[in-house]
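Atoms within each ligand, like the ligands themselves, are counted from 1 in listed order. Computed over heavy atoms, backbone and side chain alike; hydrogens, waters and symmetry mates excluded.
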Amino acid sequence: MDAQTFLKKLDSIPDIPTLPTIVIKVNKMLQDHDTSIKNLSKVIEKDQGMVAKILRLVNSTFYGFRSRITNIPHAVIILGFNTIRNAVVSVSIIKTFSGEKSFEGFEIKDFWRHSVAVAVTSRYLAEQTRLDSPDDCFVSGLLHDIGKVVLSQDFTELFGLVWKSVKEDGLSFYEAEQKLLPVNHAQIGGHLAKKWQFPGSLIDSITYHHAIRKGVSNLNQLLIVHTANNMVNSYQSDSDMRPDFSSIDPEAKRIMSGQLETISDWFPSIAAEIESACEFFLKEE
Ligand SMILES: [Fe+2]
Ligand SMILES: [Fe+2]
């Protein structure tokens, strides 16, 4: 099976995760410059679960506002359209992809913990370097590996092959995919993001997070997510805090040299932030 056939097959799966209507609507509204705060708020207010979650999020330490935000129009005014969109996307995607259908040994909770850690780290890198919007980088980090979930749920056999090779041959997930599959999780995730009509920078950051492509629309965002993913992975595998950055792209190393050099100073301190983001996003209602 070649890559094209694989992605065609992916398109034909009947229960391929469709996004909740609220995400599609909010996304569409933000592409339309005439959208008013009132109209956007109305769409969100139709989903009371979402309202509660958004209000909890904007009032959490995550955004650090002092005054209490009690309704959606107020939240939109304070945080802006883009941040609200990102919050709606984050909350909905995690909910959509936390189903019970899972592969043995591949825990969806662990998957989301990794994703949240990469999201928080991406946001931090964006804040420090000012290379891109921290908020957009958070969402990119959160979704970078979404293709893995689809692979584990809808291509169980192929996922099994990769998983076995990871365990037995000591390969990384990506290396095993390169060896065994026609496409990798990054391409699968990017394909879905395109189908969901996500912004181009998000599609590219998902698609190329393991194999940097210089001509993308937002190279900075891609490099940030790529670097954050490597940082999180090497810190998780090396408890002695001697991280291995050999697979980070040279250009990423150059523009984030300051953050890479000082990682042992700041990484432990964002661990608490990762913890509270996990607490917020992964808590079951
Ligand atoms: Fe990945
Ligand atoms: Fe990852």
Side-chain angles (χ1 to χ4, degrees), residues 3 6-7 10 17 90 93-94 97-98 102-103 105-126 136-155 158-159 161-163 165-167 169-194 198 201-213 216 221-238 243-249 252 256 260 263 267 270-271 274 277-278 281-282:
F6 185 98
L7 294 175
L10 177 66
S90 304
I93 295 264
I94 293 182
F97 289 93
S98 293
S102 184
F103 193 85
F106 177 72
E107 289 294 332
I108 196 80
K109 268 256 148 89
D110 294 340
F111 167 84
W112 282 119
R113 290 189 78 82
H114 165 74
S115 302
V116 168
V118 174
V120 172
T121 308
S122 300
R123 188 171 76 154
Y124 175 87
L125 290 175
D136 291 350
C137 288
F138 181 89
V139 177
S140 257
L142 190 68
L143 300 185
H144 77 287
D145 275 338
I146 195 74
K148 278 190 189 174
V149 183
V150 176
L151 204 52
S152 78
Q153 296 185 344
D154 298 299
F155 295 88
L158 295 180
F159 185 88
L161 283 177
V162 174
W163 200 242
S165 176
V166 168
K167 297 264 137 73
D169 310 330
L171 298 178
S172 73
F173 195 89
Y174 178 68
E175 287 164 340
E177 283 176 318
Q178 294 292 89
K179 209 177 84 180
L180 299 163
L181 307 188
V183 283
N184 56 58
H185 68 277
Q187 292 166 299
I188 297 172
H191 183 79
L192 282 177
K194 203 167 174 186
F198 281 169
S201 53
L202 180 53
I203 300 171
D204 289 344
S205 300
I206 296 173
T207 312
Y208 304 110
H209 75 269
H210 288 287
I212 301 299
R213 178 175 297 171
V216 297
Q221 186 176 116
L222 170 61
L223 293 177
I224 284 175
V225 172
H226 162 79
T227 306
N229 184 44
N230 275 286
M231 286 172 163
V232 168
N233 282 338
S234 59
Y235 260 73
Q236 270 167 359
S237 59
D238 189 352
D244 169 20
F245 294 143
S246 54
S247 41
I248 298 183
D249 176 83
M256 280 169 273
L260 281 159
I263 187 164
F267 199 85
I270 63 164
I274 292 173
C278 280
F281 283 106
L282 309 184

ask   = Is the Lys NZ or Arg CZ of Lys148 less than 6.0 Å from the centre of Phe173's six-membered ring, within 45° of the axis?
value = yes
ask   = Taking the side chain as C-beta and beyond, is there a heavy-atom pair between Val150 and Phe97 under 4.5 Å?
value = yes
query = Among protein atoms, how many N/O/S atoms lie less than 2.8 Å from the Fe ion (ligand 1)?
reply = 4
key: Donor-acceptor contact present, side-chain Asp110 to main-chain Phe106, <3.5 Å   = no
The Fe ion (ligand 2) - name of the N/O/S atom of His114 that sits closest to it = NE2
key: Contact check, side chains of Asp136 and Ser201, non-hydrogen atoms, under 4.5 Å   = no
note = In short, His114 meets Val232 closest at the heavy-atom pair ND1-CG1, 3.8 Å
inquiry  = Students often mix this up, so state it plainly: with edges at 30° and 60°, are the rings of His144 and His209 parallel, tilted or perpendicular?
reply    = perpendicular
